[in-house]
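Presented below is the structure to which this report refers.
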Amino acid sequence: MSLIELPAEILLQIFDHVGSSYFRSDLSRLRVCKRWNGLAHIVCFREACITTKMLRRMASSPYAESILREMEILDLNLEGFGTVRPGTVLDPKDYSWNYVPDQSSLQRRTMELNDDLVHLATIIKQSRKLRTLRINAIKPSNPVFEIRETYLFPSTLRALLLSTSNLTALELDLYGTRPEPEGHPHHGDDGHVCPMIGALLPTLQRLRLRVRTICADALRPPRDFPGPLPLRVLLVDFVLTEELANEKSRFTARCGGPGRFVRLAQVVRGVVLSQARALLPHMSAPKMVRILTRMFSGDEIQGIDVLTGKNIKVKKGAEWDDNSEVMMD
């Protein structure tokens, strides 16, 4: 029996093992025959990985909606735009796709990025299959360009989170961006993201947050949810810049709308940790619950394992959920 003659469920298992990246790297691999194409197409577009560079083209593609409605996993790998650092002469070999010549262009490109993401949110809202959403907002180190940090608006994040209703996994890695300053039109109460995260808790099995500011609303499920929560893995990793570390006894950070502040000391020892502990009895089968902090420029991650109550230090270069931690005195 040839491969193509295998039952559909066996072929799908084989294609799943090969992975969607195998087909996306060479789309001619879809075109074996009509039956092959139909099954391979399901696997090929089950997972989508979209970068800032790809987003504008995808927003104008006539095929984007049909593809994104079928996906189960969406990875958004985002980065902002930058201008040449003062006193730096731009060499042609240093040119980057995210370079902009002036502040006006920087504002325009940033608005376009957020508009495209909001448009993407309207598309994925129509998808009933999306189960995993990962948003990775980075700030690449560049000696030539000064990369803008305020490139992902809270209101845009809110739109993306509101577009999902059946997620089982949410990962927000937002250390490379920060909210617009107070008074900016995208920094109102409408942009407070934490309650949107909390609203997704009734379906989430895995929640990973790496952020600069957070409040307890992110770990507070809807009041009318009867429970128990299917959440098994909860990781909150608070990223601390050098500037904030030097002021940690006095520092307060805005989280969302007016009046919402989080003291640095509260992140590990205060309201966020308390809310994680309050959430624990409502989790049906908790496997890992950690509240962590790290320096923006460093690799060391310290925090508390909420399940054991012990202080931990995650080894350098380890993943957030690595079990090979070193216990702290």
Side-chain angles (χ1 to χ4, degrees), residues 132-133 135 154 157-158 161-162 164-175 179 189 191-240 244 248-249 251-294 301-314 320-323 325 327-328:
T132 298
L133 175 62
I135 302 178
L157 274 172
R158 187 174 187 271
L161 294 175
L162 284 173
T164 63
S165 58
N166 299 302
L167 288 182
T168 58
L170 174 65
E171 298 184 13
L172 299 180
D173 195 346
L174 307 178
Y175 80 96
D189 216 14
H192 188 205
V193 174
C194 294
M196 304 301 104
I197 299 172
L200 298 173
L201 288 173
T203 62
L204 290 179
Q205 298 175 21
R206 181 180 181 86
L207 175 61
R208 302 204 324 174
L209 306 172
R210 180 157 62 156
V211 293
R212 297 195 191 187
T213 59
I214 191 172
C215 72
D217 287 349
L219 307 184
R220 188 172 286 129
R223 292 182 180 179
D224 58 351
F225 180 69
L229 295 171
L231 193 64
R232 301 181 69 242
V233 174
L234 170 61
L235 297 170
V236 179
D237 185 0
F238 185 81
V239 181
L240 184 63
L244 304 184
K248 56 179 161 181
S249 61
F251 170 70
T252 61
R254 179 175 290 278
C255 182
R260 296 190 178 274
F261 290 87
V262 169
R263 289 189 180 277
L264 180 60
Q266 290 177 332
V267 175
V268 175
R269 301 288 182 182
V271 289
V272 175
L273 177 58
S274 296
Q275 184 57 34
R277 286 171 173 158
L279 196 65
L280 193 58
H282 301 283
M283 297 168 62
S284 58
K287 180 181 177 182
M288 182 177 292
V289 181
R290 292 178 175 177
I291 308 297
L292 309 168
T293 58
R294 77 168 76 199
I301 308 173
Q302 300 182 11
I304 295 177
D305 186 320
V306 180
L307 286 175
T308 64
K310 295 180 179 179
N311 294 332
I312 59 172
K313 182 191 293 182
V314 180
W320 300 1
D321 51 1
D322 195 296
N323 275 315
E325 69 271 0
M327 305 310 298
M328 299 171 60

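The closest side-chain heavy-atom distance from T168 to L204 is not below 4.5 Å. Residues L219 and L207 are in side-chain contact: their nearest non-hydrogen atoms beyond the backbone lie under 4.5 Å apart. Between S165 and L200, the closest side-chain pair of non-hydrogen atoms is not below 4.5 Å.
Between E171 and R210 there is no salt bridge, since no side-chain nitrogen of the basic residue lies less than 4.0 Å from a carboxylate oxygen of the acidic one.
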- prompt: What do the steps show when you test I312 against R290 for side chain to side chain contact (heavy atoms under 4.5 Å, CB included), and what is the final call?
  reply: CA-CA 9 Å; I312 59 172; R290 292 178 175 177; 3.6 Å; yes
| said: One pair to check against side chain to side chain contact (heavy atoms under 4.5 Å, CB included): V233 and L231. What are the steps and the verdict? | reply: CA-CA 6 Å; V233 174; L231 193 64; over 6 Å; no
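The two residues P230 and L201 come nearest to each other via the heavy atoms CD-O, 4.0 Å. Of all heavy-atom pairs between C215 and C194, the closest is N-SG, 3.6 Å. In terms of heavy atoms, L167 sits closest to T132 at CD2-N, 3.9 Å. Shortest non-hydrogen contact noted between V289 and A276 is CG1-CB, 4.5 Å.
Residues passing the side chain to side chain contact (heavy atoms under 4.5 Å, CB included) test with L162, sequence neighbours excluded: R158, M196. R220 meets the side-chain hydrogen bond (donor to acceptor under 3.5 Å, both in side chains) test with D217; sequence neighbours excluded.
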